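What you see is a predicted model; the values in this text were computed from it and never measured. The sequence lines fix the lettering, A, B, ..., with proteins before strands; numbering per chain opens at 1.
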Amino acid sequence: MKPFLRLEEIKEKPPDLVGGKAFSLSRLHQNDIRVPKTFCIPCHVYDAYLAETRIRQRLLFEMNRKAFDKMRWEEIWDVSLRIRNLFLTTPLPQGIREPLAQEITTHCNGFPVAIRSSAPGEDDAKTSFAGVHESYLNIRGTDTILKHVKLVWASLYSDAALLYRKELGLDIHMSSMAVIIQELIASERSGVFFGVDPSDSNQSVVESVYGLNQGLVDGDIDPDRWMLDRLSGRIISHSEPERNRMATPDSQGVSIQSLPESFSLKPPLNEKQIRQVWETGKKAEALFERPQDMEWTFTRTGLVVLQSRPVTSSGFKDRDDKRAWYLSLHRSYENLNALHLKIENVLIPKMIFQAEEMGQSPCKEMTTRQLVQTIKTRQEIYDDWVRIYWADFIPFAHGIRLFGQIYNDTVKPEDPYEFMQLLERTNLKSIERNRILEKLADMARQDPGLKKSLKSGQEPGPNHDFMALLEDFVRKFGDLVCQTGNASECHHGNTAVIRLVLELAQRPPRLPLQKPATAMDALRENYLAGFPPKKQTFAKGVLHLARASYRLRDDDNIHLGRIEARLFEAVREGQDRLTDPAQSPRDLALLTSLPALSQTPEGDLVPEKKEPPGDVSPLWIKTRQILGHPAGPGIAKGPARIILTQGDLLYFKHGEILVCQGVDPNMTFVVPLAAAVVEERGGMLIHGAIIAREYGLPCVTGASQITQRIRTGDLLTVDGYLGIVTCDTGSPDP
Amino acid sequence: METQREKALIQVRALFDTESLSVLSTQKSGQPYASLVAFAGTPDLGQIIFLTPSTTRKYDNLTACPRVAMLINNSRNTAGDIYDAISVTATGTAVTAQGHEKESLLPIYLKRHPHLKEFAASPTTALVCVAVDTYIMVSRFQNVIEIRMRP
């Protein structure tokens, strides 16, 4: 069977060989609706690539290392990244490459193309998952086109496809992907047409932007929108956006540019053109017997349809389904740059200011009425910041992912996480905090008298250097166990910090790993060398953005922790007053009117242990080994310390292995004591993995239910190369 | 609600119901030896039984050193085995069943392997019973749990 079909040849093939998109374009062409010069690489080429390279076995391994229903979105993204890199680094076998390259050189020489997915069943009539698979615009040259064909194949396993694997019927053995190669039409105006408005069945919708469609489809550029009467095509309404940007072809790919002033004042389409879009849409509807969702563009000689599929209910719109939200975290470079400016210049300074402002009002000096109001206000401030955290800070973390994808596309490294090395040493706040702790520990180490008095619970006088530094530390970072825990853990004062400092002083100092700058420089140079001179600014910009994203991913939690600590501080004061017999009934009523104080405080100094009871039965079951994901290379052995509450951190001892459900940056002050880090939560970009890499510690993430399966004190071996945690269960023989 | 131990033993039982053969590891004078045997588990999974001619190397070995390990595995020699297959290693002590013990164990064995009835009847065939100390179950490539079967 031919590996490269012309439009005229597609019509002879069933849709399950060429995919729905190619089949539709072929039918439009047969019925005199203008489409671009289009070719199709049918599914059997994908199947042959998988068979000949034996990638299928590796896909099976990647997709089944852990059950999908036990994976968080970040872990699914990681799986997708590894699969994408697998396609990128696995060359096309000569027998597949040569005939394809020959056809592409013959037919696509001298003009840029769009490369689109055409998976069988991708746009079936019941549910549309448009955007699950990738399209690439403005690709030139045979080698680059072939590389992007592989990327489209890889997008069969995009994070979106993996999230919706059940709905899509994704099956490594059965699923396949055809690819469309289409001449790129670099026109001045493009858009989409919905034969029926999903919210009003009497209307059709035309959306249009200047330039290419990509800005509209990605949501980066607001379109002009016309609502039309579905039967007559009469314009019912027109909503105009602020027109200031357009997507245009770059040397390779697409970039967003400022819109020339002459365009910004008038809509991209006139009435005649809107009519033409509607008429073409109606013709396609008659052809496919369903209202169409159609992408189109205008050339100087008329309307060209780029792709057409039935209007369906989107598979992404279930209100209780968080997957659509996960996918909304995918942000464009432009969007992330704007977000970066907002976070760095507005939000973080405001957070710091508010935390410091709250710190200037000592709760102990307030009347009960003032305290109650303070708790309310601080709760509101904290809740606002939590909302901002989810709306802005979490999406900004996608900067790391965007860079990872661009790095891998450019460098094609064997290790899909090589890019992470370029993100390290970004002066994380948590590292700065740990450096001060090390400095305090060093003071205790050097001064046996100081160490002795601290051990006996005596703090030196306020003029002592140790106390000055300690005060500075508490001012900057607060009471360590007062953050992200609960108010009942907020009463340790300096005790918690001093206890930690004494533990740190027991062992030689440990500072973050200092990788030679030359190694990072070489990686950076190699990355930048993959871009043409015109794209250097973009390449550097993405790296800069990713480093900011990496740093802020950690720092924003530290700042949020400070706000939360101020809330807990006030709540703790309220709890103390509740047990104060001198409080009047009126004040007590005021205090208990607050939800945070309506329950009896848990005032135990030592938080209750919630670890699973050990299996004392002689007929026991023990976990010997748990497979997670390798997230920090190295191997370490030591007793486990299970962290279930913030208070558990106080008991952390040098050489123990930190085992927890998830590490918050406000918990990572114990990491310099740890021999290794193990997290139940999975993903390469989670906080535990970030801090472990900074200290060069072995780290395993995604170790399912490990806090339930092992106990504090169990002897663990953490293999950060393979992602395996082994528990010493003794000899199986008695 | 089933405990983790009960769930694990259900998996072991299901594996024993589908698999007929086990790799038996024996040793003598420091030399390990592996052989294939048709096995059956007792309903409580406390014992694994198999038949062997008393003239074989495995029988000679386990007479000399009764500590044995047995591996039961459901891989199908496909790429999916690495995550799909379950392997169970049983460690324990082997004895030759005789008298009442043999009378009670042989029907369990022959129910699982009825075609070995004549083989079982031979005076040179021994019914070996392994009292299991521990099951070590490996699933999804590298997840390992250990289930203690004897106090």
Spacing of A:Thr726 atom OG1 and B:Gln142 atom CD [to the nearest 0.5 Å]: 8.0 Å
Quick check against the 3.5 Å criterion: does B:Asn143 have a side-chain atom that pairs as donor or acceptor with the backbone of A:Leu627? yes
Region of A:Leu60 in contact with chain B, defined by heavy-atom distances below 4.5 Å: both
Using only atom types and a distance under 3.5 Å, with no angle test, would you say the side chain of A:Arg624 pairs donor to acceptor with the backbone of B:Ile136? no
Can a donor-acceptor pair be found, under 3.5 Å and without considering hydrogens, that links the side chain of B:Arg140 to the backbone of A:Asn64? yes
Nearest 0.5 Å, please: how far is OG1 in B:Thr78 from CD in A:Gln57? 9.5 Å
Under the side-chain hydrogen bond (donor to acceptor under 3.5 Å, both in side chains) test, residues paired with B:Asp17 that sit two or more places apart: none
Check whether more than 12 heavy atoms from other residues, nucleotides or ligands sit under 6.0 Å from atom CZ of B:Arg13, and answer yes or no. yes
Short question: side chain of B:Glu146, backbone of A:Lys622 - any donor-acceptor pair under 3.5 Å? no
How close do B:Arg5 and A:Trp620 get, heavy atom to heavy atom, and via which atoms? NH1-O, 3.1 Å
All heavy atoms of B:Gln4 vs all of A:Thr623, minimum pair found to be NE2-OG1, 4.4 Å
A:Asp69 atom CG, neighbour heavy-atom count above 12 within 6.0 Å: yes
Could you grab the distance from atom CD1 of A:Ile621 to atom NZ of B:Lys7, nearest 0.5 Å is fine? 10.0 Å
